[in-house]
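One is the number of the first residue; the rest follow in order along the sequence. Computed from a prediction, not measured in an experiment: that's the story for all the values here. Atoms within each ligand, like the ligands themselves, are counted from 1 in listed order.
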Amino acid sequence: MRRLSRRHFVGALVASVPVLGAPRRLLAASGPRELDFHHLHTGERLDVEYFDGTSYLPDALTTVNHFLRDFRTGDVHPIDPALLDLLHRLTDRTKTGRPFEVISGYRSPATNEMLRHRSEGVARNSLHMQGKAIDIRLADVPLVRLRNAALDVHRGGVGYYPASDFVHVDTGRVRTW
Ligand SMILES: [Zn+2]
């Protein structure tokens with residue numbers, strides 16, 4: 001219920017903007033930001049407000065760091081808040097009503113090395129090892145549309161893996177594969 005009422009409050013703010021003559025987009029962008037996740041390997045769910053309109057919320061970031069831990073080893077690493085903002089942009093762009101389904105968040109060097117030997121397309125210096133990358137899908141958005149939304153946001157790397165049914169996004173250089 002708290003989440004619903006916050007949404008309504010934000011909606012009311014945005015609706016009042018044209019009367020004030022302020023740019024609607026700016027005000028909307030300065031509101032709180034939340035993300036909804038479902039981790040496909042751990043089965044865990046997380047619905048978290050990580051930015052309150054002014055600051056990133058340290059407790060929320062700690063929760064996210066734990067949620068996106070290396071599920072194979074249990075290792076926790078800070079997740080780049082810019083990656084969360086990227087996901088938040090994707091929520092807006094795709095208009096999804098579902099959580100991000102997480103295939104892979106942080107990967108420890110040991111896990112990355114293991115995966116590199118097991119499958120192609122795992123980089124030696126993967127940004128997953130810096131908490132700057134995530135592999136995701138959305139149940140209500142075709143994979144290609146999620147990929148295109150990520151390309152439109154233009155904030156880092158976008159990898160398209162239709163055979164494995166996920167999109168990789170990261171906050172590194174802008175590049176595509
Ligand atoms: Zn990835």
Establish, yes or no, whether the cationic atom of Arg69 lies under 6.0 Å from the six-membered ring centre of Tyr106 and within 45° of the ring axis. no
Arg155 with Asp85: basic N within carboxylate O range, under 4.0 Å: no
Atom name of the N, O or S atom in His128 that lies nearest to the Zn ion (ligand 1): NE2
To make sure I understand the geometry: which N, O or S atom in Asp135 is closest to the Zn ion (ligand 1)? OD1
What is the name of the N/O/S atom in His168 that sits closest to the Zn ion (ligand 1)? ND1
Keeping His41 on the side-chain end and Phe71 on the backbone end, is there a donor-acceptor pair under 3.5 Å? no
Within 45° of the six-membered ring axis of Phe51 and under 6.0 Å from that ring's centre, is NZ or CZ of Arg33 located there? yes
Quick check: does Asp170 put an N/O/S atom under 2.8 Å from the Zn ion (ligand 1)? no
